[in-house]
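Working notes for the structure below.
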Amino acid sequence: MKAIFPVILALLFLSGCFQMIPALPQEKVYALVATGEGLEVFDVTATPVSISFVSLANSALDVEVSGQYAFLADGQSGIHVLDVSDPENPVQLNQLNTH
């Protein structure tokens with residue numbers, strides 16, 4: 001799994017369902033992935049490790065990060081706004097129903 005993980009991350013990034021949280025030097029680096037079932041957060045500082053997961057009702061299609069917020073497209077449920085300032089404990093703040 002370790003050998004193919006960078007390839008998987010590269011494919012997710014190219015498909016648009018993957019975002020990185022920028023980090024200062026000597027801080028941890030996180031990857032946020034729309035997995036289909038929800039939002040999964042990985043610590044990718046060294047060996048990638050899944051550190052948290054937020055389950056959604058429909059299908060998580062894409063994620064965009066701005067500052068401490070992640071915006072997750074969730075199929076028929078619309079857009080979920082999550083606070084990811086603590087990547088190990090993401091908190092859903094709101095949901096915008098879109099048609």
Results of side-chain hydrogen bond (donor to acceptor under 3.5 Å, both in side chains) for Q95 - residues two or more places apart only: N97
Non-neighbouring partners of E37 that pass side-chain hydrogen bond (donor to acceptor under 3.5 Å, both in side chains), sequence neighbours left out: none
Residue from L72, L39, V54 passing side-chain contact (heavy atoms from CB on, under 4.5 Å) with L32: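 It is L39, the one option of L72, L39, V54 that forms the side-chain contact (heavy atoms from CB on, under 4.5 Å) with L32.
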Hydrophobic clusters here meaning ILVMFWY residues chained together by side-chain heavy-atom distances under 4.5 Å, can you tell me if [X] and [Y] are in one?
| X | Y | value |
| --- | --- | --- |
| V91 | V81 | yes |
| I79 | V33 | no |
| F71 | V41 | no |

Selection [range] - residue pairs positive for salt bridge (charged side-chain N to carboxylate O under 4.0 Å, His left out), sequence neighbours left out:
| range | result |
| --- | --- |
| residues 51-60 | none |
| residues 67-87 | none |
| residues 40-52 | K28-D43 |

Residue F53 excluded, over 12 heavy atoms near CZ under 6.0 Å: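 More than 12 within 6.0 Å, yes.
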L82 side chain reached by L93 side chain, heavy atoms, under 4.5 Å: no
Side-chain heavy-atom pair V84, Y30 within 4.5 angstrom cut-off: no
Looking only at heavy atoms, which two atoms of [X] and [Y] are closest? And how far apart?
| X | Y | answer |
| --- | --- | --- |
| V44 | A31 | CG1-CB, 4.0 Å |
| T45 | E27 | CG2-O, 4.3 Å |
| A34 | A60 | CB-O, 3.9 Å |
| P90 | S52 | CD-OG, 3.5 Å |

Heavy-atom donor-acceptor pair, T35 side chain to G38 backbone, under 3.5 Å: yes
